[in-house]
Amino acid sequence: TLYKAMKGLGTDEDSIMNLLTSRSNDQRQKIKAAYKTLHGKDLVSDLKGELGGKFESLIVGLMAPPILYDVTSLRHAIKGAGTDEKVLVEILSSRTPQQIKDIIAAYRQEYDADLEKDITGDTSGHFERLLVILLQVRGQILEVKGYTVRKIALFNAGEKKFGTDEEQFITILGNRSAAHLRKVFDAYMKLAGYEMEESIQRETSGSLRDLLLAVVKCARSVPAYFAETLFNSLKGAGTDDQTLIRVMVSRSEVDMLDIRANYRRLFACSLYSSIKGDTSGDYRKALLLLCGGDDA
């Protein structure tokens, strides 16, 4: 079907998107292998040759195995012109400990390089430190009781004294499992009288703020974090297509239904309608297929 869609004059984009978006990533890998066997050609190269623009980026993204997609995104974020902090923040704060382990291994295999070294070579300060903690610790999460003590430490670090002890924030937020952090946030709320996120907004800035907020939001709810990420990529003038593509590709088989439900709850409109209103052409069609239904 794919071969037919691409050979001769013109390309049958509808066939390509309908077929690929309705298969799992695992199935797409098998299709890629079968295509090579049957036609002696690389499916991804053929797709790149036939498609263009954002639609191409989306379809090519769907063809990559998930861990490899993350690894490539991280590599581009680090090695491109200037560091794309947004990508580092999004991937390292939202992936599971096992995924982080796999990402580190795949990065080494793919680029013969150490992800941690590449990140430290390209970032600095507390931002760099927290990224490294996330890389190291997500591999071996420890559950610790005594979160009352921790919340007091956090409160003292953030609000009670002049100037913020970022080191404390980072150590506690970087070293704890999501379940543990949720207890810390509840205790913090009782102690301080406002949410952890408010403290971070007030007391930190720049990339560090973005990363701390992402860690907190992902500890609370990964789908809600991605609903917000998608909302931000679509709102205002212009669309952040890179983020939109990355999230739709990487979450399409993970938690898209939960992301949609959270999107509806948080923003009083459906993800479907937001995508529809903000994109066009084959790109729009393919995104809507990945999104699935309209939670109007």
Side-chain angles (χ1 to χ4, degrees), residues 17-18 21-22 54-55 57-58 61-62 73 84-96 173 178-179 181-186 188-190 192-207 209-296:
M17 73 173 94
N18 283 315
T21 59
S22 60
K54 295 176 285 202
F55 179 56
S57 305
L58 182 65
L62 286 172
S73 302
D84 190 346
E85 281 93 359
K86 208 183 318 186
V87 178
L88 303 182
V89 167
E90 181 194 301
I91 294 177
L92 296 184
S93 56
S94 67
R95 301 305 189 251
T96 63
L173 291 177
L181 284 175
R182 286 195 290 273
K183 291 175 187 162
V184 175
F185 303 154
D186 290 345
Y188 188 88
M189 177 72 191
K190 288 197 183 88
Y194 38 78
E195 296 290 11
M196 190 73 227
E197 287 90 330
E198 289 179 58
S199 257
I200 293 170
Q201 287 281 13
R202 265 210 299 270
E203 297 280 328
T204 60
S205 61
S207 299
R209 176 200 284 174
D210 296 340
L211 181 55
L212 287 166
L213 284 173
V215 170
V216 171
K217 285 170 183 171
C218 286
R220 288 195 195 274
S221 160
V222 171
Y225 167 73
F226 278 115
E228 198 182 330
T229 304
L230 285 168
F231 181 77
N232 290 333
S233 76
L234 291 159
K235 74 165 204 243
T239 307
D240 177 357
D241 289 297
Q242 266 184 316
T243 299
L244 179 56
I245 291 170
R246 194 173 54 249
V247 175
M248 295 303 287
V249 167
S250 62
R251 307 315 286 185
S252 59
E253 283 173 61
V254 185
D255 48 7
M256 189 53 74
L257 281 171
D258 296 329
I259 291 172
R260 273 169 44 189
N262 277 280
Y263 196 95
R264 183 86 190 77
R265 177 178 63 81
L266 292 165
F267 307 113
C269 63
S270 67
L271 175 59
Y272 190 96
S273 64
S274 293
I275 291 173
K276 195 173 174 183
D278 229 46
T279 56
S280 62
D282 291 324
Y283 175 53
R284 175 206 279 173
K285 279 196 236 172
L287 284 169
L288 293 176
L289 286 168
L290 285 177
C291 174
D294 183 358
D295 316 292

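In this structure, the side chains of Tyr283 and Leu244 come closer than 4.5 Å at one or more pairs of heavy atoms.
What you find for Met256 and Cys291 is that their closest heavy atoms are CG-O, 3.9 Å. Closest heavy-atom contact between Phe267 and Ala227: CE1-O, 3.7 Å. Annotation for Asp294 and Ser273: closest pair OD1-N, 4.3 Å, computed over non-hydrogen atoms.
To the nearest 0.5 angstrom, Ile245 atom CD1 is 10.0 Å from Ser233 atom OG.
A salt bridge does not link Asp186 with Lys183: none of the charged nitrogens is closer than 4.0 Å to a carboxylate oxygen. Looking at Arg260 and Asp295, a side-chain N of the basic residue comes within less than 4.0 Å of a carboxylate O on the acidic one, giving a salt bridge.
Within 6.0 Å of CD on Glu85 lie more than 12 heavy atoms contributed by other residues, nucleotides or ligands. Counting non-hydrogen atoms of other residues, nucleotides and ligands closer than 6.0 Å to NZ of Lys285 gives a total above 12.
Side-chain atoms of Arg220 do not come within 3.5 Å of backbone N or O of Arg182 as any donor-acceptor pair. Side-chain atoms of Arg264 never come within 3.5 Å of backbone atoms of Ser270 as a donor-acceptor pair (strictly under, hydrogens ignored). In terms of modelled atom types and a separation under 3.5 Å, the side chain of Arg209 and the main chain of Gln201 share a donor-acceptor contact.
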**Asked** Between Thr243 and Glu90, does a side chain to side chain contact (heavy atoms under 4.5 Å, CB included) hold up when you go through it step by step?
**Response** CA-CA 9 Å; Thr243 299; Glu90 181 194 301; 4.1 Å; yes
**Request:** Check the pair Asp210, Lys86 against side chain to side chain contact (heavy atoms under 4.5 Å, CB included), reporting the backbone distance first and the verdict last.
**Result:** CA-CA 8 Å; Asp210 296 340; Lys86 208 183 318 186; over 6 Å; no
**Request:** Show your reasoning for whether side chain to side chain contact (heavy atoms under 4.5 Å, CB included) applies to Ile275 and Met248.
**Result:** CA-CA 11 Å; Ile275 291 173; Met248 295 303 287; 3.8 Å; yes
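The side-chain contact (heavy atoms from CB on, under 4.5 Å) test with Phe226 is passed by exactly one of Val254, Asp258, Ile259: Ile259.
Aromatic ring pairs are classed by plane angle as parallel below 30°, tilted from 30° to 60° and perpendicular above 60°; the pair Tyr188 and Tyr194 is perpendicular.
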